[in-house]
Amino acid sequence: MNTQETLFQLKELKLYGMALAYEAMLNLSVQNRPTLDMAVAQMTEAEILNRKDRKMKSLLRTSHLRYSSVLEDVICSEERNFTKDNLAALADCSFIRRHENLLIQGKCGCGKSFLACALGRQACTLGFKTLYFNMNTFVDKIALSKLDGTFLKLLKSLETADLLILDDFGLKQMDANTRLALLQILEDRYERRSIIIVSQLPISKWYEYLGDETIADAIMDRLVANNAGKIELKGESLRQKKRK
């Protein structure tokens, strides 16, 4: 068997990382090629890294994050009420491993969505399946799934996500069906999966926004239970600051 046949078979087996490493070795002079055990080790490592990279790209593609933000670009300061220590505590996504929720609140333009998407991107990098929804889209999606009979399928797809991000919570009024659907989603995820809620509304006003007192109690109980983290971003609008 010649080297080109080996390359072809590696690619046919979808061992793309190994194929790239093997091809790189073939381009070296004979005296500079690694020993057999070193070659196998390098090819194995290349395959592992390649699979991790492909998985990350797939998770990012299906997450539908609003911003392609990264944690390094998140502005931290005492004035924003969000320090580097706060960011570092979230960077390893251990809150996802602990199945905890995160509630991010602040005025328009203060960087809430940017932070949420940066955390979502970090989660994808670490191998966590992430889904992002703007609440307007989310409410419409629930309503449509109720009409076309795909609501159970929607619930199943949401349940598989390690991290669910709901942005602009409180901007669009929810009807009874949407409130019940949100409660069911939270119930399915309770102590099993994490959720990030992003809102301009102070958390103390979420009861009022949800409307129905009984359902609001049940929803808030599942959101804030299990030591949910709370972030209240402060300071000048970053959009206005950028314009200036």
Side-chain angles (χ1 to χ4, degrees), residues 1-76 82-102 113-133 156-165 188-189 191-196 226-227 229 231:
M1 181 183 294
N2 61 41
T3 56
Q4 290 306 312
E5 287 177 340
T6 301
L7 268 177
F8 176 78
Q9 290 185 345
L10 286 172
K11 292 176 181 178
E12 193 174 42
L13 291 170
K14 298 183 179 180
L15 299 173
Y16 302 116
M18 281 190 167
L20 286 171
Y22 181 60
E23 191 169 19
M25 292 174 194
L26 293 178
N27 290 328
L28 296 173
S29 59
V30 175
Q31 62 269 27
N32 288 327
R33 290 176 186 175
T35 59
L36 177 60
D37 58 338
M38 183 61 69
V40 172
Q42 289 179 5
M43 290 171 64
T44 302
E45 183 180 11
E47 181 62 29
I48 291 172
L49 292 174
N50 182 269
R51 291 190 181 194
K52 286 183 177 179
D53 184 64
R54 280 188 287 150
K55 181 180 180 181
M56 180 192 70
K57 289 178 179 177
S58 175
L59 290 172
L60 282 172
R61 185 174 59 254
T62 58
S63 67
H64 304 297
L65 293 170
R66 179 178 177 182
Y67 299 113
S68 58
S69 51
V70 294
L71 294 180
E72 290 79 3
D73 292 336
V74 174
I75 299 174
C76 301
F82 190 72
T83 65
K84 290 182 178 179
D85 289 340
N86 297 140
L87 183 63
L90 298 170
D92 63 354
C93 292
S94 57
F95 73 98
I96 300 177
R97 296 185 182 91
R98 295 191 298 266
H99 314 307
E100 295 174 355
N101 299 328
L102 184 61
S113 300
F114 190 90
L115 172 60
C117 288
L119 290 171
R121 184 180 185 86
Q122 182 74 348
C124 292
T125 302
L126 295 176
F128 295 109
K129 182 179 179 180
T130 301
L131 291 177
Y132 169 96
F133 290 96
K156 190 173 182 179
S157 67
L158 294 176
E159 190 179 354
T160 62
D162 299 296
L163 176 63
L164 176 62
I165 302 174
D188 290 342
R189 303 180 66 80
E191 295 188 337
R192 296 178 61 247
R193 300 284 190 272
S194 295
I195 185 168
I196 294 179
N226 199 20
N227 299 319
I231 298 172

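Just so you know, these numbers come straight off a predicted model, no measurement behind them.
With sequence neighbours left out, Q42 forms a side-chain contact (heavy atoms from CB on, under 4.5 Å) with M25, P34, M38. Under the side-chain hydrogen bond (donor to acceptor under 3.5 Å, both in side chains) criterion, D162 pairs with no residue, sequence neighbours left out.
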Using the rule given for side chain to side chain contact (heavy atoms under 4.5 Å, CB included), can you reason through L164 versus R193, listing the C-alpha separation, both sets of side-chain angles and the distance that settles it, and then say yes or no? CA-CA 8 Å; L164 176 62; R193 300 284 190 272; over 6 Å; no
Checking D85 against T83 for the side-chain hydrogen bond (donor to acceptor under 3.5 Å, both in side chains) test, could you report, in this order, the C-alpha distance in whole Å, the side-chain angles of both residues, the deciding distance, and whether it holds? CA-CA 5 Å; D85 289 340; T83 65; 4.8 Å; no
The test is side chain to side chain contact (heavy atoms under 4.5 Å, CB included); show your working for L49 and D53 and say whether it passes. CA-CA 6 Å; L49 292 174; D53 184 64; over 6 Å; no
Could you go through the side chain to side chain contact (heavy atoms under 4.5 Å, CB included) check for I96 and L126 one step at a time? CA-CA 11 Å; I96 300 177; L126 295 176; over 6 Å; no
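Between atom CD1 of residue I195 and atom CG of residue L102 there is a gap of 10.5 Å, rounded to the nearest 0.5 Å. Here the CD1-CG distance, from I231 to L90, works out to 5.0 Å after rounding to the nearest 0.5 Å. Atom CD of Q122 sits about 10.0 Å away from atom CZ of F128, to the nearest 0.5 Å. In this structure, M56 CE and K52 NZ are separated by 11.5 Å, a value rounded to the nearest 0.5 Å. To the nearest 0.5 Å, atoms CZ (F95) and CG (L119) are separated by 5.5 Å. For the atom pair CG of L71 and NZ of K84, the computed distance is 13.5 Å after rounding to the nearest 0.5 Å.
In this structure, the side chain of S58 does not engage the main chain of R54 through any donor-acceptor pair within 3.5 Å. Between the side chain of R189 and the backbone N or O of L158 there is at least one donor-acceptor pair closer than 3.5 Å. Judged by distance alone, the side chain of R121 and the main-chain N or O of S68 form no donor-acceptor pair under 3.5 Å. Proximity of a side-chain donor or acceptor of T130 to a complementary backbone N or O of S63 within less than 3.5 Å is not detected. Looking at S194, its side chain does come within 3.5 Å of a backbone N or O of E100 through a donor-acceptor pair.
Side-chain contact check for L60 versus L65: some heavy-atom pair is nearer than 4.5 Å. Side chains of F82 and I75 form no contact here, defined as non-hydrogen atoms less than 4.5 Å apart.
The two residues T160 and K129 have their closest heavy-atom pair at OG1-NZ, 2.9 Å. In terms of heavy-atom proximity, R66 sits nearest to Y132 at CD-OH, 3.1 Å. Residues L7 and E23 approach most closely at CD2-CB, 4.0 Å, considering heavy atoms. Closest approach of M18 and M43 over heavy atoms only: CG-O, 3.3 Å. Considering all non-hydrogen atoms of both residues, L131 and S157 come closest at CD1-O, 3.9 Å. Scanning all heavy atoms of the two residues, the minimum distance from I165 to A116 falls at CD1-O, 3.5 Å.
No more than 12 heavy atoms of other residues, nucleotides or ligands shown are found within 6.0 angstrom of CD on E45.
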